[in-house]
Amino acid sequence: MVLDSETVRSSAACDYLGKELQCSCGRTHSVGVKRVIIESGALDDLPSVIRELGHTSAFVVADTNTYAAAGSRVESLLRKAGLADGILIYRRQGDLVPDERAIGEFFVAVHRPDVIVAVGAGVINDLAKYVGSRLSIPVIIVATAPSMDGFASDSSALILDNLKTSVEVQTVEAIVADVDVLRAAPIEMIRAGMGDMFGKYTALKDWMLGHIVTGEYYCEGVAEMVAYSVEKCIRSTSGLASRDAEAIRNLMEGLVLSGIAMSFVGNSRPASGAEHHISHYWENAFLQLNRAAVLHGTKVGIGTVVVSRIGTALASRAVDFEAARRDAVAFDAARWRSDVERLFGTAAPGIIRHSEEANRNSIDERLHRIDILEREWERIAQVLSTPPSAGQVESLMAAVGAPLRPMDIGVDNGMVEGGVMYAKEIRPRYTVLQLASDLGLLEEFARKAGSEK
Ligand SMILES: [Zn+2]
Ligand SMILES: [Zn+2]
């Protein structure tokens, strides 16, 4: 199988499983997920999926919400099939947080089952993939909401030492997504799934920018796959409010495809850029303030609006490269450091260390990048002005009823400004924020974003 436009356009998520894809990027892509079932009534197939994968005992993990959504049915199905081997139901007053406490509870409860059956979406998925990887036990996810794209990805988002941390893990062995269960998910979670997908628009542009400016690896086939997965989701927009089965199926399929694309590359680059970094920045800010978390995809959607505006503004900007060089030479390392310490709190030492190790504030390297930016500006402006524009992203989000403004989720102007200014410190990846910083324009954009209503 070859990963080209034709394959991308004609393949469903399950068509990519168990194959090695030859790619024009020079790599061979494959994914560890063995089965994907997205259909009405899929839950009934769970025992046979477990058996087909060669397992005879299954440990179930859920929280009280996901147990009510599908966990109790999973439990009785496994019992009837003689596969049940224990269950952990997380009980919390507020939201379940994927932190050391939750990980510890998991390790205490689980023994040596053949497989872990994780019933849930984001948090349960992250916890099960992590614990499964540590114990070398495969994981099957029974999805309860189409709320994020991590089902097929090979990373876990955890909160360790009160910090949002991404850990490399094994992919799940199978994804069982019963459309009847997904349809009953809270509407905010369905909207969040769309928000996570809208983020691909800016993530893909950022990946291309990284390729142009730093020569980073880029795969056209995978980028096309992600773009197509977004298209799949957009097609479901009109049916989401009424929880139309076909619309929900398309959304889930798009989310799984996007996760497979990440697995193909071995990191989240094709599906996560500045909009995710801003979302992580806000998440950390909320953690430092002990505020309740906001759904990942909800934040990412709003981050996409903020980032799209910057990209759209940059595309039509008459850039003064000499001014950019003067700004580069005048870099104030002491101010950078004190800002990072003030804004990141307990996360600051790690960020400063990583930045120093990679020499990320090097003036010479920035001057070198400015040369490339000047030479390649036409191409870069073209990437930035590729549809959708900021306005189009907002219309798409409004169409699904997703929150659009940072203030809608309690992110104040200072957090918006700080996010635009310093989210680039979170991951060492070239994005539109690093681009604006190289050009000496980031502060201006940050102030503008912070003052927008
Ligand atoms: Zn490739
Ligand atoms: Zn995401």
Side-chain angles (χ1 to χ4, degrees), residues 202-203 205-216 269 272-282 284 303-304 306-344 347-348 351-352 354-377 379-381 383-384 390 414-451:
T202 42
K205 289 181 188 182
D206 282 343
W207 194 16
M208 183 46 110
L209 290 178
H211 178 60
I212 295 172
V213 181
T214 69
E216 181 185 338
R269 188 49 145 146
S272 158
E275 72 299 320
H276 272 76
H277 303 164
I278 286 189
S279 162
H280 296 340
Y281 179 92
W282 292 337
N284 265 330
T304 305
V306 172
V307 169
S308 294
R309 284 180 175 172
I310 295 170
T312 301
L314 263 174
S316 58
R317 180 106 177 188
V319 177
D320 181 344
F321 291 97
E322 279 317 310
R325 289 185 180 97
R326 284 196 297 276
D327 191 82
V329 174
F331 175 71
D332 186 346
R335 186 195 152 193
W336 175 85
R337 201 188 170 94
S338 72
D339 279 354
V340 168
E341 280 166 350
R342 177 170 52 83
L343 295 169
F344 286 95
I351 283 170
I352 291 168
H354 285 138
S355 181
E356 281 171 354
E357 277 166 9
N359 201 14
R360 295 191 63 212
N361 287 327
S362 158
I363 290 172
D364 284 347
E365 280 176 28
R366 183 167 158 200
L367 288 170
H368 176 64
R369 288 196 300 271
I370 295 172
D371 290 344
I372 297 172
L373 293 175
E374 187 166 25
R375 207 170 56 228
E376 299 282 348
W377 188 250
R379 204 170 148 211
I380 289 168
V383 171
L384 293 173
M415 279 186 209
V416 176
E417 205 176 315
V420 171
M421 215 38 216
Y422 286 99
K424 66 180 168 55
E425 311 302 335
I426 292 174
R427 296 269 186 286
R429 281 181 183 165
Y430 206 83
T431 69
V432 70
L433 297 178
Q434 185 68 54
L435 171 66
S437 170
D438 282 347
L439 295 175
L441 300 171
L442 191 58
E443 204 164 337
E444 177 193 322
F445 286 131
R447 249 190 239 124
K448 189 153 182 293
S451 65

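The basis for the numbers below is simple: all heavy atoms, side chains too, and nothing from hydrogens, waters or symmetry mates. Residue numbers run from 1 in the order of the sequence given. Quantities reported herein were computed from a predicted structural model and do not represent experimental measurements.
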In residues 322-331, what donor-acceptor pairs under 3.5 Å come from side-chain atoms, sequence neighbours left out?
{"residue": "E322", "atom": "OE2", "partner": "R325", "partner atom": "NH1", "Å": "2.8"}
{"residue": "R325", "atom": "NH1", "partner": "E374", "partner atom": "OE1", "Å": "3.4"}
{"residue": "R325", "atom": "NH2", "partner": "D371", "partner atom": "OD1", "Å": "2.9"}
{"residue": "R325", "atom": "NH2", "partner": "E374", "partner atom": "OE1", "Å": "2.7"}
{"residue": "D327", "atom": "OD2", "partner": "R366", "partner atom": "NH2", "Å": "2.8"}

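T304 meets the side chain to side chain donor-acceptor pair (under 3.5 Å) test with no other residue; sequence neighbours excluded. Every residue two or more places apart in sequence or in another chain was checked for a side chain to side chain donor-acceptor pair (under 3.5 Å) with H280, and none qualifies. For the side-chain contact (heavy atoms from CB on, under 4.5 Å) test, residues two or more places apart in sequence or in another chain that qualify with T214 are E216, Y430. Not counting sequence neighbours, H277 has no partner by the ring-ring contact (aromatic ring centres under 6.0 Å, His included) test. Under the rule for a side-chain contact (heavy atoms from CB on, under 4.5 Å), the partners of I352 that lie at least two apart in sequence or sit in another chain are W336, R337, V340, E341, E356. Annotation: salt bridge (charged side-chain N to carboxylate O under 4.0 Å, His left out) contacts of R427 (sequence neighbours excluded): none. Under the rule for a side-chain contact (heavy atoms from CB on, under 4.5 Å), the partners of K424 that lie at least two apart in sequence or sit in another chain are L433, Q434, S437, L442. Among residues two or more places apart in sequence or in another chain, the ring-ring contact (aromatic ring centres under 6.0 Å, His included) test is passed with W207 by Y218. Under the side-chain contact (heavy atoms from CB on, under 4.5 Å) criterion, R447 pairs with E417, E443, not counting sequence neighbours. Shown here are the ring-ring contact (aromatic ring centres under 6.0 Å, His included) partners of Y281, two or more places apart in sequence or in another chain: F344. Contacts of R317 classified as salt bridge (charged side-chain N to carboxylate O under 4.0 Å, His left out), with partners at least two apart in sequence or in another chain: E444.
A distance of 5.5 Å separates CG in L209 from CG in L384, rounded to the nearest 0.5 Å. Residue L367 holds its CG atom at 11.5 Å from CD1 of I372, rounded to the nearest 0.5 Å.
W282 places a side-chain N or O within donor-acceptor distance of the main-chain N or O of M415, the cut-off being under 3.5 Å. Of the possible donor and acceptor atoms, one in the side chain of S338 sits under 3.5 Å from a partner among the backbone N and O of R335.
The side-chain heavy atoms of V307 and T431, taken from C-beta on, include no pair separated by under 4.5 Å.
Nearest approach of A203 to G273, heavy atoms of both residues: CB-N, 3.6 Å.
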